[in-house]
There are 2 protein chains.
Amino acid sequence: MGLRERKKHQTRLALIDAAFDLFLVQGYEATTVDQIAAAVDVSPRTFFRYFGSKEDLALDFTVEYEELVTTALAARPAGEAPLAALATAFREFIHQMEANAADDTERFLKHRRVIDANPALLATGFARMAETEKKLTAELARRQGTDPAADPRPRLLVALITSALRVGFECAAERDCQLVGLVGNVTDLLNLAEAALTPGWGQLSLGSSGQVATKASSPG
Amino acid sequence: MGLRERKKHQTRLALIDAAFDLFLVQGYEATTVDQIAAAVDVSPRTFFRYFGSKEDLALDFTVEYEELVTTALAARPAGEAPLAALATAFREFIHQMEANAADDTERFLKHRRVIDANPALLATGFARMAETEKKLTAELARRQGTDPAADPRPRLLVALITSALRVGFECAAERDCQLVGLVGNVTDLLNLAEAALTPGWGQLSLGSSGQVATKASSPG
DNA sequence: TTGTCATCTGTCATGGACTGACATAAATTA
DNA sequence: TAATTTATGTCAGTCCATGACAGATGACAA
């Protein structure tokens, strides 16, 4: 890696660290891009060459984790039931997150605390998850050989499990957890959701209209 | 109602209609507040006296519906199981939405189309649902006599059902539904989620730590 | 080492979403 | 009609974000 690339990487990290330090002291909203740039002795215009927006910086570290889930699901054996495969994939994701975070626990928790403290940030974070959800849905549909546009079940399953995860993060945030507590809470909620769904999910069937079997319904 | 109040109401509606007409033609992002204000012959500053933000205007009509859910849940008989009560409350919400929308179907669908076309808008919409989710969670916890801070089950249940609704709206948006199709899709997904949860949900129990029973876990 | 090239950065100008302050115009009420 | 309340317009300013251009700096070959 050349000097140029090293410098860029350095500036990037410096911006992130300076930003989160300011976020923790002043709050996310109250911190301006100018302040962050000034703290790193860089022009505000340069800030936007490293990050598309202030939100991008704040949510930067969540991106890598989302990719982990899709690869984890793809690695599950073909015969595994959808719910089991998805739940396992998410558990692996959690383990990966734990392992990565352990490298620099302080920074990880700092980031989580900032995000958890800002509903708007939290919301955008899960909104960006939509892309990942689509990939997971496509993978589940592929495994079952169904059309993801016609069969809402894979999509629903992904949405349900994802929301369980979300609740896990929320609970952990409320309880002001350390890394262990965070992982515990998220895992627990995932297990809870899986336990609730396991008895019913396997029997779910669709009507001929491509909608739910439990009720004759509009073709949409 | 005095002249003053009538005028305000009129201006408010005019802003909404002008805005959505512009949104449909130019897109939400490409439409500026100045354009909306100009279309109604009002200063841009006045726009912000009617709506806190451009997003507020775009999501305005969703607010009234969210209130319906909480009142619908509160009206369910005390003995009803949590899942059944919540599902029924949401079904009543859907019926109410259908009835209200029937008054002015065109405007309703216009609004939905704009929101569905903008991921950011859609995300913010469901993010704002968080407030409603809290109320629903509190009501479910009250019914069960549990502490919402310690027992994550009501919260999880609300999150699961809400996400089913979200998927229903998404499916309807993709299929470019009319009002009937929209209601059908959302109802179907709600039924599907209820069917998936009914067998397992009643048996869900918690461990002594306030976490999930299926696994000994961290106190958080 | 030197000169060329690609790329990073700062500066400047601009636009769009908001907000506070203040004056004016309009409706309400007495 | 006079006094009061309230809505609106104007103005100035902040913050986020982006395009354009020029200068600085690292990469690389001769």
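Protein chains get the first letters and strands the later ones, always in sequence-line order, with residue 1 at the start of each. Computed from a predicted model, the values in this text were never measured in an experiment.
By the 30° and 60° cut-offs, the orientation of the rings of B/Phe108 relative to B/Tyr65 is perpendicular.
Pairs passing the side chain to side chain donor-acceptor pair (under 3.5 Å) check and including a residue from residues 93-104 of chain B, sequence neighbours excluded, do not occur. Screening residues 25-47 of chain B for ring-ring contact (aromatic ring centres under 6.0 Å, His included), with sequence neighbours left out, gives B/Phe23-B/Tyr28, B/Phe47-B/Phe51.
Computed from coordinates, the A/Phe48 CZ to D/dC15 P distance equals 12 Å when rounded to whole Å. Computed from coordinates, the A/Phe47 CZ to C/dT9 P distance equals 14 Å when rounded to whole Å. Nucleotide D/dC16 holds its C1' atom 14 Å from the NZ atom of B/Lys54, rounded to whole Å. A/Glu29 places its CD atom 13 Å from the P atom of D/dC15, with the value rounded to the nearest Å. Distance, B/Leu57 CG to C/dA17 C1': 14 Å, rounded to whole Å. What separates CD of A/Glu55 from C1' of D/dC15 is a distance of 14 Å, to the nearest Å. Separating the CZ atom of A/Phe51 from the P atom of D/dT18 is a distance of 14 Å, rounded to the nearest angstrom. Taking atom CZ of residue B/Arg12 and atom C1' of nucleotide D/dT8, one finds them 17 Å apart after rounding to whole Å.
When the side-chain nitrogen and oxygen atoms of B/Tyr50 are compared with OP1 and OP2 of D/dA7, none of them lie within a distance under 4.0 Å. The shortest distance between the side-chain N/O atoms of B/Lys8 and the OP1/OP2 oxygens of D/dA7 is below 4.0 Å. Listed pair A/Ser53 / D/dC16 fails the phosphate criterion, with no side-chain N or O lying under 4.0 Å from OP1 or OP2.
Ring to ring, B/Phe126 and A/Phe126 are not that close: their centroids are 6.0 angstrom or more apart.
Comment: A/Arg166 engages A/Glu170 in a salt bridge, judged by a side-chain N to carboxylate O separation of less than 4.0 angstrom.
Here A/Ser43 lies in heavy-atom contact (under 4.0 Å) with a base.
Within 6.0 Å of NZ on A/Lys110 lie more than 12 heavy atoms contributed by other residues, nucleotides or ligands.
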The contact string for nucleotides 19-29 of chain D, one letter per nucleotide 5' to 3', using protein heavy atoms under 4.0 Å with B, S and - for base, sugar-phosphate only and none, comes out as BB----BBS--
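Judged by distance alone, the side chain of A/Asn185 and the main-chain N or O of A/Gly181 form a donor-acceptor pair under 3.5 Å.
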